[in-house]
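Chain A is the first sequence line, chain B the second, and so forth, proteins listed ahead of strands; every chain is numbered from 1.
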Protein chains: 2
Amino acid sequence: MTRAASRKNPTRIQRAKTEAILGAALEVFATEGFRGATLDQIAEAAGISKPNLLYYFASKEDVHGMLLARLLDTWLEPLRRLDPAGDPQAEIGAYVRRKLRMSRDYPRESRLFAGEILQGAPRIGTMIRGPLRALVDEKAQVIRGWARDGLIAPVDPYHLIFSIWAVTQHYADFDVQIRAVLGSDDEARFSEAERFLTHFYARALAP
Amino acid sequence: MTRAASRKNPTRIQRAKTEAILGAALEVFATEGFRGATLDQIAEAAGISKPNLLYYFASKEDVHGMLLARLLDTWLEPLRRLDPAGDPQAEIGAYVRRKLRMSRDYPRESRLFAGEILQGAPRIGTMIRGPLRALVDEKAQVIRGWARDGLIAPVDPYHLIFSIWAVTQHYADFDVQIRAVLGSDDEARFSEAERFLTHFYARALAP
DNA sequence: TCCAAATTTGACCGTCTGGTCATAAAGCAC
DNA sequence: GTGCTTTATGACCAGACGGTCAAATTTGGA
């Protein structure tokens with residue numbers, strides 16, 4: 001088998017190197033963008049040579065694609081967990097907090113995703129128009145139901161979801177700008193943001 | 001003089017070509033990123049040859065820098081116009097709408113800015129830490145005053161401003177994603193967003 | 001220990017790209 | 001029209017980059 005990374009039963013080395021490469025690539029792609037990143041950069045960050053990297057992945061696109069595929073699996077998880085049977089206000093508040101924590105704990109993933117969308121989603125367009133849209137449609141119906149039942153204020157569920165994505169991801173994607181204004185205390189920044197957003201959505205959605 | 005673009009008294013041709021180049025460059029940089037964009041691409045989009053482009057600008061960085069410099073001049077204008085003497089709720093609502101309209105009318109500029117921040121603001125870091133921060137500090141004090149006087153709900157003014165940036169710019173920067181979910185009717189999308197955001201901030205900030 | 005498979009890399013290739021330069025083709029004031 | 005300046009471009013260059021390949025080294029099961 002030529003392509004080591006795609007084996008069914010990867011060896012210890014394969015698993016370790018593949019992981020090292022993806023970790024390095026995430027870092028580099030997130031800060032440099034797809035075109036800006038170079039294989040030499042990624043290889044060096046992973047502690048291997050460029051040909052060795054290409055022994056595990058067929059191409060630069062392959063590495064990038066693998067990262068995106070993995071990311072998308074988990075990216076929508078917070079929304080998936082929005083429970084139609086739960087208390088509307090609590091559910092939405094919890095969703096906001098889950099999403100904010102993803103920005104705090106996975107900022108590189110957030111920036112990778114943001115970069116991809118900014119450039120027109122050339123590699124994940126089908127996924128966006130497929131599973132992502134389907135999930136949003138589903139949850140929008142749930143929220144619409146809550147509004148109809150008077151459990152939350154009557155708002156457009158789609159724009160509500162967009163606003164949650166925007167305000168939470170902003171803390172990862174525009175990190176540099178926020179740092180520049182607030183100073184660098186990550187801990188404080190995120191707990192302030194959590195307090196602000198929790199209160200904000202609670203007030204805005206109170207029936 | 002070698003560099004035609006920086007003359008004090010530009011000729012008719014200089015003005016026209018410089019403008020054509022910047023327009024083309026904005027388009028290309030916004031969709032491809034700095035590294036992704038090529039001078040050939042920009043030159044072709046501007047309808048001239050690459051050497052001719054380099055007759056007007058010293059380098060690729062120069063073109064990019066000029067775009068950013070122009071952008072930043074106007075980017076903060078909506079916030080600057082937040083009037084401390086106005087009605088708090090109305091002022092903030094108007095600010096949100098101004099910012100949203102910038103996303104609608106200047107999406108390429110928004111994406112250019114987003115890309116720059118996403119990559120760590122390598123070229124506008126000083127501006128971010130200087131004038132931008134100063135303006136935000138100033139307006140945050142205004143908002144804090146309003147909250148203290150009970151004219152709006154007591155919220156962290158910095159995170160309030162961040163949230164406004166996030167939700168409005170989101171409609172330009174994540175345009176592809178929003179299109180994928182809502183369909184492509186720009187007109188409807190933005191007027192819905194305006195209604196949503198106006199109501200949302202009004203409710204959340206009601207004293 | 002032995003050996004076949006897996007892993008690693010130095011050297012190399014073709015292409016792309018930012019930028020240069022000599023030269024040619026407008027513009028334009030007189 | 002003349003002559004000087006501005007504007008425009010084809011040809012070219014050096015470096016960077018994605019990717020290949022043959023050969024060397026390591027790994028791990030029997």
- State whether the distance check finds a donor on one side and an acceptor on the other, under 3.5 Å, for side chain B:K60 versus base C:dG19.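 Side chain to base: no pair present.
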- Item | B:R189 NZ/CZ over A:F162 ring centroid, <6.0 Å and within 45° of normal | no
Below 4.0 Å: OP1/OP2 of [N] and any side-chain N or O of [X]:
| X | N | answer |
| --- | --- | --- |
| B:Y55 | D:dT7 | yes |
| A:Y56 | C:dA6 | no |
| B:Q14 | D:dT6 | no |

Whole Å only: how far is the [atom1] atom of [X] from the [atom2] atom of [N]?
| X | N | atom1 | atom2 | result |
| --- | --- | --- | --- | --- |
| A:F57 | D:dG18 | CZ | C1' | 16 Å |
| B:D62 | C:dG18 | CG | P | 14 Å |
| A:H64 | D:dC17 | NE2 | P | 17 Å |
| A:L54 | C:dT9 | CG | C1' | 12 Å |
| A:L53 | C:dG10 | CG | C1' | 16 Å |
| B:K17 | C:dG27 | NZ | C1' | 12 Å |

Is [X] reaching over with its side chain to a backbone N or O of [Y], donor-acceptor style, under 3.5 angstrom?
| X | Y | value |
| --- | --- | --- |
| A:K60 | A:F34 | yes |
| A:R203 | B:L205 | no |
| B:K139 | B:L82 | yes |

- Message: I'd like to know whether OH of B:Y106 has more than 12 heavy-atom contacts from other residues, nucleotides or ligands below 6.0 angstrom.
- Response: no
- Between B:E61 and B:R123, is the closest basic N to carboxylate O distance under 4.0 Å? yes
- Between A:R101 and A:E77, does at least one N-O distance fall below 4.0 Å, as a salt bridge requires?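 A salt bridge is absent here (no side-chain N lies under 4.0 Å from a carboxylate O).
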- After noting the C-alpha distance and the side-chain angles of A:Y171 and A:S110, does the key distance pass the side-chain hydrogen bond (donor to acceptor under 3.5 Å, both in side chains) rule? CA-CA 10 Å; A:Y171 286 96; A:S110 185; over 6 Å; no
Give the nucleotide from the list [options] with an atom nearest to the side chain of [X].
| X | options | answer |
| --- | --- | --- |
| A:N52 | C:dT9, D:dT7, D:dG19 | C:dT9 |
| B:P51 | C:dA6, D:dT6, D:dG10 | D:dG10 |
| A:K50 | D:dT7, C:dT8, D:dG19 | D:dG19 |

Contact list (N/O, under 3.5 angstrom) for nucleotides 26-29 of chain D vs protein:
residue	atom	partner	partner atom	Å
D:dG28	OP1	A:R12	NH2	2.7
D:dG28	OP2	A:R12	NH2	3.4

- Mind running a 4.0 Å heavy-atom check of residues 27-41 of chain A against DNA chain C and sending the residues that fall below it, in number order? A:R35
- Is there a side-chain contact between A:W146 and A:E91, using heavy atoms and a 4.5 Å cut-off? yes
